[in-house]
*Asks:* 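Handing you this structure, nothing more for now.
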Amino acid sequence: MNLDKSLLKKNPSCLPAGTGSPAGLLGMTFGYHIVTFGCQMNKNDSERVEAILRPMGMQSVETPEEADVILINSCSIRASAEDRVFGMTRNFQALKKKKPHLIVAVTGCMPGRDKDGKLENTIQGVDLFFPTKDMVMLPKWLSELNPNLRPIDLDADYLSVSPIHHVKAQAFVTIQTGCNHFCTYCVVPFARGLEGNRSLKSILDEVRDLADHGCLEITLLGQIVNHYIAPDKEYFSPQNPYHKNEFAKLLWEINQIEGIERVHFTAPHPIYMDDEMIDALTLPTQLNFIHLPVQSGNSAMLEKMNRRHTREQYLETIQKIRAKRPGIAIATDIIVGFCGETEEQFHDTVSLYQHCDFDISYTAKYSQRSGTLAAKMFVDDVSVEEKKRRWFLLQHIMEDSTKRKNQAYIGKEVSVLVDTYKNGICQGNSSEMKRVMFDGGEELFGTIVSVKIEKAEMWILVGNMVYC
Ligand code: SAH
Ligand code: SF4
Ligand code: F3S
């Protein structure tokens, strides 16, 4: 899409009433409001957008009503995710009537996958509709729409924009964009393009800089994060003990950076969980947690999904992980009701769930996405009711096992990075990614503390801080 041509056509009255001069350039500030859907990668991209908008003379506002620019960072993973964006932009139209200079922008995976312009033609009341990588054009486009906004110069690569981190102690670090895997159900390769790996040097520079600024925990992001291939291998240290798996090598390098105490990553793919990768889970900075999506417990379904591994291979990987790191918490992703999934095949997923004794599952009902291989090759023939039934069944199994597993924490000490403080109560995640709550002061915010667990509820462990 040629945005330059369409911009002012779509929003002819985009200047605040009565402003013809560059008042913003003289110090006026404008409000932006960002709504982020989807995964952590989108959250990290929204942090980059903020880093672009602030030097343009904008500041974050709490509500869309207060905003001069609303930016929706969209997700396309399921139809429901896109429907929410359609609904939201419809609602913002009323706001635009009251405030004609309001700019509404949509970025993320919807524009990313919209190669034929169908989504853009359907969505209403939107001034800018652009894929994530084009966020570097925002200064130009926004200052064309509102000359009061200060244009700034940016590098062409959006990953070179340093994200704004809201909690100093925690940061996302995107190490890879796109995906080459083409799981048949998945829209991501279409929305985000083919896999691209960030340079090792820029990743390590970013992590060092974060550590220098007080960051304790980083989450490395990539669609198949453990398939990371460094474009600049010369930056690996000669003493790095790993040789084959470059993601394991990266984890080792990050483990050496002083100040970084906790390292987490998402999402790894089971087929790249080789021995080096599993060994790297024992590095001292690694969280006692891994999220390893399985999608289905039936080998025929896995093949149809193009996951490139069998049920048995996945089970073997889990066994190896537990042998190397006993006590590790394991999360997964599951899709129920994929094309042609029979009751028996679904029960293979149930039995795999029980066998792996997962700590948590993010279970989704299959949603057909236009353009994907599954939409072209298979029939979405499991009824909505049946998908719901399978979803609830797995959800109940998960809740029962979560309750049981949480009970085991009672009387134990866990280390918690405090990310929330309110009215004398602190909250944060343990190394097992369990949510923990305890009484504590504001000075604990952004620190890692030990908490002895007294009570276990479904989604939260409650305890008392242990003073050394
Ligand atoms: N790259 C990650 C997953 C990214 S998408 C991986 O390979 O595991 C996040 C999750 O969304 C997937 O793990 C899958 O469970 C779910 N998902 C993806 N496409 C879907 C679809 N069409 N319908 C329902 N769930 C889907
Ligand atoms: Fe989608 Fe599969 Fe790539 Fe994950 S690995 S992003 S599920 S295509
Ligand atoms: Fe959604 Fe795009 Fe992430 S489709 S899950 S926001 S990569």
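Every number for a ligand or one of its atoms is a count from 1 in the order of the listing. Note that the coordinates shown come from a computational prediction; the quantities given were computed from them, not determined experimentally. All values below were derived from every heavy atom in this structure, side-chain atoms included, with hydrogens, water molecules and symmetry-related copies excluded.
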*Asks:* Counting backbone and side-chain atoms alike, is an N, O or S atom of Cys186 positioned under 2.8 Å from atom 3 (Fe) of ligand 2?
*Replies:*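 So Cys186 does not count as coordinating atom 3 (Fe) of ligand 2.
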*Asks:* When rounded to the nearest 0.5 angstrom, what distance separates OG1 in Thr174 from CD in Glu47?
*Replies:*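 The OG1 atom of Thr174 sits 8.5 Å away from the CD atom of Glu47.
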*Asks:* Would you kindly specify which portion of Gln295 sits under 4.0 Å from ligand 1, judged on non-hydrogen atoms: side chain, backbone, both or neither?
*Replies:*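 Answer for Gln295: side chain.
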*Asks:* Of the protein's non-hydrogen atoms, which lies at the shortest distance from atom 4 (S) of ligand 3, and what is that distance?
*Replies:*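 The protein heavy atom lying closest is Ser76 N, 3.3 Å.
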*Asks:* Using a heavy-atom cut-off of under 4.0 Å, does the side chain or the backbone of Met41 touch ligand 3, or both, or neither?
*Replies:*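 It is neither part, as no heavy atom is under 4.0 Å.
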*Asks:* Provide the number and element of each atom of ligand 1 under 4.0 Å from a heavy atom of Ala364.
*Replies:*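 Within the 4.0 Å cut-off of Ala364, ligand 1 contributes 24 (C), 25 (N).
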*Asks:* Among side-chain atoms of Gln345 and Asp348, is any donor-acceptor pair under 3.5 angstrom?
*Replies:*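 No, no side-chain donor-acceptor pair sits under 3.5 Å.
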*Asks:* What's the shortest distance from atom 26 (C) of ligand 1 to any protein heavy atom, and which residue and atom give it?
*Replies:*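 Answer for atom 26 (C) of ligand 1: Ile335 CD1, 3.7 Å.
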*Asks:* For atom 3 (Fe) of ligand 3, grab the closest protein heavy atom and report residue, atom and distance to one decimal in Å.
*Replies:*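 Going by distance alone, atom 3 (Fe) of ligand 3 is nearest to Cys39 SG, 2.3 Å.
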*Asks:* When you measure from the side chain of Trp252 to the backbone N and O of Ala280, does any donor-acceptor pair fall under 3.5 Å?
*Replies:*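 Side chain of Trp252 to backbone of Ala280, a donor-acceptor pair under 3.5 Å: no, none is there.
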*Asks:* Quick check: do Ile330 and Ile360 have side-chain heavy atoms less than 4.5 Å from each other?
*Replies:*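 Counting from C-beta outward, Ile330 and Ile360 never come under 4.5 Å.
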*Asks:* Should the proximity of Cys109 to ligand 3, defined as any heavy atom under 4.0 Å, be assigned to the side chain, the backbone, both, or neither?
*Replies:*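 Near ligand 3, Cys109 shows its side chain, while the N, CA, C and O stay back.
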*Asks:* Work out whether the distance between some heavy atom of Ile224 and some atom of ligand 1 is less than 4.0 Å.
*Replies:*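 It does not; every heavy atom stays at 4.0 Å or beyond.
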*Asks:* Is the closest N or O pair between Gln223 and ligand 1 shorter than 3.5 Å?
*Replies:*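 Min N/O separation from ligand 1 is below 3.5 Å for Gln223.
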*Asks:* Where on Pro189 is there a heavy atom closer than 4.0 Å to ligand 2, on the side chain, on the backbone, on both, or on neither?
*Replies:*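 Side chain only.
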*Asks:* Identify the protein heavy atom lying closest to atom 7 (S) of ligand 3, giving its residue, its atom name and the separation to 0.1 Å.
*Replies:*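 It is Gln223 NE2, 3.3 Å.
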*Asks:* Can you tell me which residue and heavy atom of the protein come closest to atom 1 (Fe) of ligand 3, and the distance to 0.1 Å?
*Replies:*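 For atom 1 (Fe) of ligand 3, the nearest protein heavy atom comes out as Cys75 SG, 2.4 Å.
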*Asks:* By number and element, which atoms of ligand 2 are closer than 4.0 Å to a non-hydrogen atom of Ile224?
*Replies:*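 Here the atoms of ligand 2 in question are 5 (S).
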*Asks:* Could you list which atoms of ligand 3 come closer than 4.0 Å to a heavy atom of Asn42?
*Replies:*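 So the atoms of ligand 3 that pass are 6 (S).
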*Asks:* To the nearest 0.1 Å, how far is atom 22 (N) of ligand 1 from its closest protein heavy atom, and which atom is that?
*Replies:*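 The answer is Ser367 O, 2.8 Å.
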*Asks:* Residues in side chain to side chain donor-acceptor pair (under 3.5 Å) with Asp419, at least two apart?
*Replies:*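 With sequence neighbours excluded, Asp419 shows a side chain to side chain donor-acceptor pair (under 3.5 Å) to Arg435, given in chain and number order.
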*Asks:* Under a 3.5 Å cutoff, is there a donor and acceptor pairing between the side chains of Asn197 and Glu195?
*Replies:*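 Yes - a donor-acceptor pair under 3.5 Å links their side chains.
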*Asks:* Using a 4.0 Å cutoff against the non-hydrogen atoms of Cys179, which atoms of ligand 2 qualify?
*Replies:*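 By the 4.0 Å cutoff, the relevant atoms are 3 (Fe), 5 (S), 6 (S), 8 (S).
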*Asks:* Might you work through the side chain to side chain contact (heavy atoms under 4.5 Å, CB included) test for Thr107 and Ile72, ending with a clear yes or no?
*Replies:* CA-CA 6 Å; Thr107 185; Ile72 304 174; over 6 Å; no
*Asks:* With heavy atoms of Arg369 as the reference, note each atom of ligand 1 found under 4.0 Å away.
*Replies:*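 Checking each atom against Arg369, I get 22 (N).
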*Asks:* Between the candidates Ile77, Asp333, Thr184, which shows the shortest non-hydrogen contact distance to atom 13 (O) of ligand 1?
*Replies:*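 Shortest heavy-atom distance from atom 13 (O) of ligand 1: Asp333.
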*Asks:* What protein heavy atom sits nearest atom 7 (S) of ligand 2, and how far away is it?
*Replies:*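 Ranked first by proximity to atom 7 (S) of ligand 2 is Tyr185 OH, 3.3 Å.
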*Asks:* How does Arg307 reach ligand 2, by side chain, by backbone, by both or by neither, if only non-hydrogen atoms under 4.0 Å count?
*Replies:*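 Only the side chain of Arg307 comes within reach of ligand 2.
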*Asks:* Do Glu253 and Tyr235 come close enough that some side-chain heavy atom pair is under 4.5 Å?
*Replies:*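 Contact flag for Glu253/Tyr235 side chains = no.
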*Asks:* Ring centroid separation for Phe378 and Tyr366, is it under 6.0 angstrom?
*Replies:*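 Ring-ring flag for Phe378/Tyr366: false, centres at least 6.0 Å apart.
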*Asks:* Glu82 and Ser76: side-chain donor and acceptor closer than 3.5 Å?
*Replies:*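 A donor-acceptor contact under 3.5 Å links the two side chains.
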*Asks:* Just going by heavy-atom distances, which of Lys365, Arg307, His269, His181 is nearest to atom 6 (C) of ligand 1?
*Replies:*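 The residue whose heavy atom sits nearest atom 6 (C) of ligand 1 is Arg307.
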*Asks:* Heavy atoms, side chains only, cut-off 4.5 Å: are Glu432 and Val414 in contact?
*Replies:*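 Heavy-atom side-chain distance check passes, below 4.5 Å.
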*Asks:* Is the closest side-chain donor-acceptor distance between Asn245 and Tyr228 under 3.5 Å?
*Replies:*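 No, Tyr228 and Asn245 have no side-chain donor paired with an acceptor closer than 3.5 Å.
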*Asks:* Could you tell me, atom by atom, which parts of ligand 2 come under 4.0 Å of a heavy atom of His181?
*Replies:*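 The list of qualifying atoms is 3 (Fe), 5 (S).
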*Asks:* Please report whether ligand 1 has a polar contact with Tyr362, defined as an N or O pair separated by less than 3.5 Å (distance criterion only).
*Replies:*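 The answer is no, given that Tyr362 and ligand 1 share no N or O pair closer than 3.5 Å.
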*Asks:* Under a 4.0 angstrom heavy-atom cut-off, which atoms of ligand 2 come close to Val188?
*Replies:*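 This gives 6 (S) as the contact atoms.
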*Asks:* Which distance, rounded to the nearest 0.5 Å, do you find between the NZ of Lys365 and the CG of Leu394?
*Replies:*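 These two atoms lie 12.0 Å from each other.
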*Asks:* Suppose we only count N/O/S atoms under 2.8 Å; would Cys183 qualify as near atom 2 (Fe) of ligand 2?
*Replies:*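 Short answer: yes, at least one N, O or S atom is under the cut-off.
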*Asks:* Geometry only, no angles: is Tyr185 polar-contacting ligand 1 at N/O separations under 3.5 Å?
*Replies:*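 Yes, since at least one N or O of Tyr185 sits under 3.5 Å from an N or O of ligand 1.
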*Asks:* Any atoms of ligand 1 less than 4.0 Å from a non-hydrogen atom of Pro293? List them with their elements.
*Replies:*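 Once the distances to Pro293 are compared, the set is 8 (O).
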*Asks:* Just to confirm my output: which protein heavy-atom neighbour is closest to atom 6 (S) of ligand 2, and how far is it?
*Replies:*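 Closest protein heavy atom to atom 6 (S) of ligand 2: Gln223 OE1, 3.4 Å.
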*Asks:* Would you indicate whether the side-chain heavy atoms of Asn73 and Asp45 approach each other to under 4.5 Å?
*Replies:*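 Of all side-chain heavy-atom pairs linking Asn73 with Asp45, at least one is under 4.5 Å.
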*Asks:* Give the residue and atom name of whichever protein heavy atom lies nearest to atom 16 (C) of ligand 1, and the separation in Å to one decimal.
*Replies:*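 Checked against all protein heavy atoms, atom 16 (C) of ligand 1 sits closest to Arg78 NH1, 4.0 Å.
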*Asks:* Any side-chain heavy atom of Met273 sitting closer than 4.5 Å to one from Pro268?
*Replies:*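 Side-chain contact under 4.5 Å: yes.
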*Asks:* Ignoring hydrogens and geometry beyond distance, is a side-chain donor-acceptor pair present between Glu66 and Thr63 at under 3.5 Å?
*Replies:*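 The criterion, which ignores hydrogens and geometry beyond distance, is satisfied for Thr63 and Glu66.
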*Asks:* Could you check Asp155 against Val161 for side chain to side chain contact (heavy atoms under 4.5 Å, CB included), going step by step and ending with a plain yes or no?
*Replies:* CA-CA 8 Å; Asp155 197 279; Val161 177; over 6 Å; no
*Asks:* If you define the side chain from C-beta out and look only at heavy atoms, does anything of Ile397 sit under 4.5 Å from Tyr353?
*Replies:*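 Yes, at least one pair of side-chain atoms sits under 4.5 Å.
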*Asks:* Ligand 2 versus Phe182, non-hydrogen atoms closer than 4.0 Å: side chain, backbone, both, neither?
*Replies:*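 For Phe182, the contact with ligand 2 is made by the backbone alone.
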